[in-house]
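Please read these numbers as outputs of a predicted model, since none were measured by experiment.
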Amino acid sequence: MNSKELSNYIYPDFFSTFFMFPFSIDSCVKLKDFIEALENKNWEMETYKIRYGIDYNEYVYFYPYIWDILFTKQKSESKEEASKGVTFFKYKNLTGQSYFIVNSLTVKEDHEKKQFKIESQKEVKLPLKNIFLHLFEVGVGILIFEIVHDARSEKSSTAYTLEDYLRFLETGRRIFVPFVNGGNTINENSTISSLELKKPEDTKLNKNGIVPALDAVHNGIMAQKVEIQLYNQTIPSDFFNNPFFKENEKKYKPALSNIITQLLDAGEFTYHNDTYKPIIDDRMFVHAYFSVDKYYHSEKEAANGRKTALPTANYYFIKTLKKAFANGLENQEINEALKLWYQMIFLDWQGPSCHNPRLMKKLLEESTYVRWSDYGGFTGFSRFSSVMISDINQAGYIYNHFQSMYYQIAILLLFYRGAILNFSDRSEKLSNCIHELHHGGAHNCKEQKALKKILQEADRLNKEFLLFRNKFWFREVTAQDQGIEIFDLWSKRMRNPELMRDVESEINTLFEFIDSLNEKNISKKINILTIIGGLFLPIALLTSFFGMNFMFMTPGVDEANASWMIKQLHHFLYNFNLNLTTAQLELSLFGGLLIVLFLIELVIYKLLKKKY
């Protein structure tokens with residue numbers, strides 16, 4: 001029995017997950033206006049209230065400086081005040097009749113007949129308990145779907161296998177088409193529809209040829225349709241029949257799931273208008289929990305005549321994980337239970353994506369938190385998921401941590417990762433803009449204004465990054481040992497510390513370049529003053545040489561008081577019978593010198609302008 005078959009024999013008795021969609025908000029958007037637009041939809045601003053013991057435990061678990069990041073304790077009097085720190089929303093009018101539904105299928109290709117056969121179709125319909133929205137003042141938001149399914153409940157009409165849940169997580173988290181086959185042609189409508197999905201029999205290709213998303217469907221990455229059913233509406237996201245990208249003058253944009261856009265688009269603030277965009281990739285983050293009762297028998301085992309006292313697949317799975325992690329994985333063979341645990345951590349519902357035993361063991365060791373392994377509790381972390389599993393004996397204790405403390409750590413780490421990537425993106429764009437204007441010369445008035453605007457935006461980026469660095473970014477968030485261990489392990493898997501160092505370096509480099517530009521501008525202004533001073537230098541020399549008073553300027557002054565140069569020149573010209581008065585001689589000499597000095601100044605100005 002391989003890991004995929006094993007997952008088909010395991011029936012979790014309780015399942016809960018949070019789909020988390022982190023997004024960045026455009027720096028041009030005023031957060032208070034976006035908040036007001038959201039309140040005009042179906043969102044309601046919430047405050048954190050301590051009603052039960054689990055709320056109190058969650059609150060005091062963290063250091064006081066984390067409270068202002070995760071918990072909104074009072075409603076703000078104004079939208080301006082609400083946009084500071086964190087704003088928490090809850091979607092209104094969710095009832096017990098709300099569901100998150102994923103329709104997925106697998107397709108087999110017949111290359112010779114150029115036909116596709118739908119091997120299996122599966123609908124997983126799970127109760128949607130809550131929809132939350134967190135907005136942070138540094139321009140990051142997280143949209144969250146809370147899904148809870150209690151298979152033991154009398155209201156639950158369907159029991160799902162572990163494979164069903166993994167398929168639900170893998171395909172339900174997609175927010176746009178992840179990839180297309182490189183050799184396929186995308187049709188003019190940018191759609192991926194060409195399979196007749198209403199019938200299970202073989203279907204032929206349409207006139208457009210192979211569908212671009214066939215490989216995604218074939219590999220089980222994409223769902224045929226994802227939808228949420230609310231009290232008064234259904235929001236479908238059909239990845240096959242809707243265009244999967246939109247084109248404008250500057251760039252291609254993947255078309256987001258309708259579920260995301262219909263919940264977040266508010267008035268003029270839309271995805272199409274670049275109000276917000278995904279931060280990570282085509283996936284939502286997954287925070288999932290499975291309770292696996294070792295005596296909870298599946299329908300398949302019951303049909304095969306198993307008795308209650310006999311070990312089940314659930315029991316085998318938990319027991320094997322306990323044994324494996326108790327002694328370390330270094331000297332052990334990779335068995336099917338470990339492969340299945342790898343699939344759970346990395347959400348590979350059709351089988352492990354890693355096919356190297358040594359690398360798989362290394363990743364399992366690095367990604368698994370084993371503090372409660374002897375109690376049947378395991379937690380796995382990856383860059384895009386956190387998965388917890390426990391047997392029935394510890395289910396309540398571990399689940400309380402999952403839905404409270406660890407849920408808040410997930411939000412905090414996603415906020416960190418989203419903010420860091422957002423700052424990196426803004427820094428890169430500013431660097432490109434400055435580079436283009438700087439190398440283009442930025443000589444005319446319009447370019448100078450554009451550069452000034454870019455520098456103002458860079459100054460704003462620097463202030464917001466300093467705010468994030470000093471107010472929000474912390475390397476330790478709790479005094480609890482297990483919280484410290486999980487926070488460190490999870491941060492490492494997300495690579496947040498490395499990303500933070502990289503972004504700090506990027507922003508520092510950007511501002512070193514901006515400082516050099518400012519120094520260059522100051523130097524240029526000083527040079528201009530030098531040129532202006534240089535233009536007046538010849539006149540200053542002239543007046544210092546002749547003095548301030550000339551005979552032609554001061555009538556009645558005796559010639560005896562004329563300068564010695566004028567006297568000598570007067571005697572020189574007298575020898576040539578040029579009998580000029582001292583005043584006439586001074587006037588002629590002054591005018592000639594002014595002309596010569598003007599020409600000299602003109603040459604100096606041209607030379608300085610060419611140099612600077």
Is the ring pair [X]/[Y] parallel, tilted or perpendicular, if the boundaries are 30 and 60 degrees?
X	Y	value
Tyr276	Phe23	perpendicular
Phe423	Phe468	tilted
His401	Tyr397	tilted
Tyr165	Phe15	parallel

Using a 4.5 Å cut-off on heavy atoms from C-beta on, say whether the side chain of [Y] contacts that of [X].
X	Y	answer
Asp502	Ser424	no
Phe474	Tyr416	yes
Phe18	Phe402	yes

- Does a salt bridge link Asp425 with Lys429, judged by any charged N lying under 4.0 Å from a carboxylate O? yes
- Hey, is Lys339 close enough to Glu336 for a salt bridge, meaning N to O under 4.0 Å? yes
- Query: Does the side chain of Ser491 come under 3.5 Å of the side chain of Asp488 through a donor N or O and an acceptor N or O?
  - Reply: no
- Check: Gln480/Tyr61 side-chain N/O donor and acceptor closer than 3.5 Å: no
- Query: Distance from Ile131 atom CD1 to Leu94 atom CG, nearest 0.5 Å?
  - Reply: 5.0 Å
- Message: Checking side-chain contact (heavy atoms from CB on, under 4.5 Å) between Met494 and each of Ile280, Leu489, Leu413, Ile420, which is the one that passes?
- Response: Leu413
